[in-house]
Amino acid sequence: MSGSDGLTGLGPAEKAGLVQVDPLTSRLVFRHPLTRSAVMELSTSAERRCGHQALADEFPEGSERRARHLADAAVGPDDQVASLLNEVAYSTLRRGDAVGAITTLLRASELSSTGTAKGIRLAEAACLGANITGDLRNVRALLDNAALADPMNAGSLAAAAAAASQLLNGEGDVDTAHRLLVGAIDNHARPSRTDDDILGEALHVLLLVCSYSGRPELWQIFESTVTHTQLHSPDLLLPVVRGAFGDPAHGALSVLDTLDGLVIDLHREADPRRIIRTAMSAAYVDRLPGCRSALRRVIDDGRSGGAIASAIDALFLLGNDAYTSGQWDDLPDVIDEGLRWCATYSYRLSAFEGRFLQGLLAAAQGDCQGARQTADCLVSWGNPRGLGKLRLYAAHIRALSALGSADFEGAYRHLRSVGTPGRLPPHMPHALWLFLDFTEAAARTGRHCEATEHVAAVRRSDIPSISPRLAMMTDAAEAVATPDVIEHELFESAIAAPNAERWPFDWARICLAYGERLRRAKAGVAARVHLDAALSTFQRLGAKPWSTRAANELRASGIPVEAVVPGEDRHYSLLTPQECQIAQLAATGLTNKQIAAQLFLSPRTVATHLYSVFPKLNVTSRAGLRDALSGLPPAARAGSGNVLG
């Protein structure tokens, strides 16, 4: 409409002041938006189609806007336009508009002249709806319509992927979902780019089916299927998800560089599928902090009526990150929102990701009844359906609850039921979250050979190279497994690990284990430093049973520990004289090595004191020390007469 010929007939409207031509762009501009609406309302359908056809002619071949105008101009079936819309649907999805993608697919199905094409596009809409937008309740209707359009469509890849998603998320039927997907993938031929999209969806659903099953035989079929499936698109995330999420103990190291690049680029990523799959890959290898902002965008989109299924995944991934990073005050709200969406949109299996986090938090904070009920629920729903992953989740919750109350025999029993000493089986990613628990439970029940074997398996798999957190936990596990060594350099290394404050619960547990070791060896002064650091961190997190363990150890070392009143700051917010010195020097910007040189201490001792200071002053890094110290009242001292401020 920018050419002069197209504007010739609009002279009367221009004289009436209804329209004008923008002198800069030569485009037609209505004086008021309602004028445009009135023109559309008063026009006939034929006139609107004619207008859309004219607009389509103004755009180049292959452009999205041309395809959409052609679709609006079409009267009946038009396979050429339907094919264009099919391409547009996936472009729309890659821009982050999952709802728009499904709407476009449905319009493409309406324009399809054959039942086969119509059925395939309806099945693709069902597949994307089940996996991305949260239309799980409508999947059955879409698949029924696809079957009506083409009775042979039931075996198509898109239909199988949609049905498998419904089976997995609805009833947790992994066996039927697995058979459907493997059969459809084996029979699939891919003549187009959009088929690559659906093949990618099907393979990712199959990976989730295998993950929830926890069964080696299903994983073996998956690996064989992937090996024999040649993917045309280099943009698929499957190899990264397969290595870092499916089998991180054995496959993560080969894909970490690619994953790190994907995480760095997430700020530019709009496609909810890629965001969620990148974050899934990041979970077991401790890269989730880099995914936070992208996950929040997915959640915001879900709250606005967008990709609900992806938003559910994003919430529980953020919950995972909140648990690991000690943001436990935020965790209940995150879980509750995800569980509400699961209930509303019938994502029964996804809800257990949230319940697992609920159970872990309950176990860590001493809600034994809540932890037990959650674990029982996971087992009672998962066992009849062959969902081995839920059994692992339950064992983790029960073992953590037992460890908190120093029931090491109970913890060993729960962990032994899902693992073998000295073995890290393929496709058992949860082993990365359990090896320290197992080592502690085995060592504290006299099974030192089993503890040593398990640490050796972790070392052989080079798990410490995956992330600083896993390196810290491996050092601690090896130290725990060697009870005859008192001041173990591996304990010191774990406690002084770089950025250890990012994982406060794990770090505090290591401080407690080391403090217990030192206290029993009559090294009371050294023990108190670590026990004090553990206690203050546990108190900040609300980890009551762990606080009790640390407090009991401190009392046994001769330090009186006051009772803690819920909701009040405890006396551990006060700093010792040496902590005062170290905190003040750190606030000026000195490194641990420089502080150690001034105070004639080791850098590791400085690091230990600082990690004790952070929770006492309610800061998480050196950057917050200056303000915290300047705002500390004169009463903040610990028996020495020294005053901060």
Side-chain angles (χ1 to χ4, degrees), residues 168-169 171-174 207-216 218-219 245-249 279-280 282-286 288 312-313 315-324 328 331-332 334-336 338-339 342-343 347-365 367-404 410-420 424-438 441 473 505-506:
L168 180 65
N169 291 297
E171 292 300 324
D173 187 350
V174 293
L207 185 145
L208 289 176
V209 166
C210 295
S211 175
Y212 275 110
S213 78
R215 282 181 261 161
L218 297 193
W219 275 111
F245 174 78
D247 190 11
M280 282 171 53
Y284 283 107
V285 297
D286 301 316
L288 271 178
I312 290 171
D313 291 335
L315 277 166
F316 293 145
L317 285 164
L318 275 183
N320 185 323
D321 177 54
Y323 177 80
T324 305
W328 290 5
L331 190 51
V334 172
I335 296 171
D336 288 346
L339 291 177
C342 287
Y347 282 81
R348 297 178 68 188
L349 185 56
S350 295
F352 286 102
E353 298 294 332
R355 292 191 181 119
F356 165 59
L357 291 171
Q358 274 185 331
L360 277 188
L361 188 62
Q365 294 189 324
D367 179 5
C368 296
Q369 182 177 359
R372 183 171 57 253
Q373 289 175 344
T374 300
D376 290 347
C377 179
L378 288 163
V379 169
S380 63
W381 204 82
N383 278 1
R385 295 167 172 83
L387 298 169
K389 187 175 187 177
L390 300 193
R391 187 168 62 252
L392 267 172
Y393 283 175
H396 190 170
I397 293 167
R398 289 168 172 163
L400 184 63
S401 185
L403 287 170
Y412 175 84
R413 187 174 62 254
H414 294 308
L415 294 171
R416 188 67 177 81
S417 70
V418 294
T420 303
L424 298 174
H427 303 295
M428 187 179 170
H430 219 70
L432 270 63
W433 289 355
L434 294 177
F435 70 81
L436 177 57
D437 292 2
F438 181 84
M473 294 174 70
F505 185 54
D506 295 325

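Note that this is a predicted model, so its numbers are computed, not measured.
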Student: Hey, does the side chain of R355 reach the backbone of A351 with a donor-acceptor pair shorter than 3.5 angstrom?
Tutor: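 Here the side-chain-to-backbone pair does not exist.
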
Student: For G246 and P429, work out which heavy atoms get closest and say how close.
Tutor: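 The pair with the smallest heavy-atom distance is O-CD, 3.8 Å.
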
Student: Look up atom CZ in F438 and atom NE2 in H414, then write down how far apart they are to the nearest 0.5 Å.
Tutor: 13.5 Å

Student: Find the distance between OH (Y347) and CG (L168) and round it off to the nearest 0.5 Å.
Tutor: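 Rounded to the nearest 0.5 Å, the OH-CG separation comes to 10.5 Å.
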
Student: Can you name the nearest heavy-atom pair linking A371 to I397, along with the distance?
Tutor: O-CG2, 3.6 Å

Student: Looking at CG of N383 and CZ of R385, how far apart are the two atoms once the value is rounded to the nearest 0.5 Å?
Tutor: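 Here the rounded value is 10.5 Å.
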
Student: Which heavy atom of N169 sits nearest to which heavy atom of S350, and what is that distance?
Tutor: OD1-OG, 3.5 Å

Student: Mind checking whether C342 and F316 have side chains closer than 4.5 Å, heavy atoms only?
Tutor: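 Yes. Closest side-chain heavy atoms under 4.5 Å.
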
Student: Measure up the F505 and Y323 rings against each other and bin them: parallel (under 30°), tilted (30 to 60°), perpendicular (over 60°).
Tutor: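 Rings of F505 and Y323: perpendicular, over 60°.
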
Student: Compare all side-chain heavy atoms of L387 with those of L349 and state whether any distance is below 4.5 angstrom.
Tutor: yes

Student: Within the structure provided, determine whether D336 and Q358 are in side-chain contact (heavy-atom separation under 4.5 Å).
Tutor: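 Yes, at least one pair of side-chain atoms sits under 4.5 Å.
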
Student: With heavy-atom distances below 4.5 Å as the criterion, would you say the side chains of F352 and Y393 are in contact?
Tutor: no

Student: Could you give the distance from CD (E353) to CG (D313), rounded to the nearest 0.5 Å?
Tutor: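 Answer for the CD-CG pair, E353 versus D313, is 8.0 Å.
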
Student: Just wondering, do R398 and D376 contact through their side chains at under 4.5 Å, heavy atoms?
Tutor: yes

Student: To the nearest 0.5 Å, what is the distance between CG on L361 and CG on L331?
Tutor: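 Output value for this atom pair is 5.0 Å.
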
Student: Given side chains that start at C-beta, do those of H430 and V418 come closer than 4.5 Å, heavy atoms only?
Tutor: no

Student: Between T324 and D321, is there a donor-acceptor pair closer than 3.5 Å when you use the side chain of the first and the backbone of the second?
Tutor: no

Student: Would you say the side chain of H396 lies within less than 4.5 Å of the side chain of D437, judging by non-hydrogen atoms?
Tutor: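 With C-beta onward as the side chain, the pair touches.
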
Student: Counting N and O atoms only, with roles assigned by atom type, does the side chain of S211 sit under 3.5 Å from a partner on the main chain of L208, one being a donor and the other an acceptor?
Tutor: no

Student: Quick check for you: to the nearest 0.5 Å, what is the distance between D247 atom CG and Y284 atom OH?
Tutor: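 Going from the CG atom of D247 to the OH atom of Y284 covers 11.5 Å.
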
Student: Determine whether R215 and V174 make a side-chain contact, defined as any pair of heavy atoms from C-beta on separated by less than 4.5 Å.
Tutor: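 Contact flag for R215/V174 side chains = yes.
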
Student: Just by distance, do the side chain of T374 and the backbone of G370 share a donor-acceptor pair under 3.5 Å?
Tutor: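 Yes, the answer is positive, given that a donor and an acceptor are paired below the 3.5 Å cut-off.
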
Student: Of all heavy-atom pairs between A399 and A411, which one has the smallest distance, and what is that distance?
Tutor: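 Result for this residue pair: O-CB, 3.8 Å.
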
Student: For A279, which residues count as a side chain to side chain contact (heavy atoms under 4.5 Å, CB included) partner, sequence neighbours excluded?
Tutor: L288, C291, L295, L317

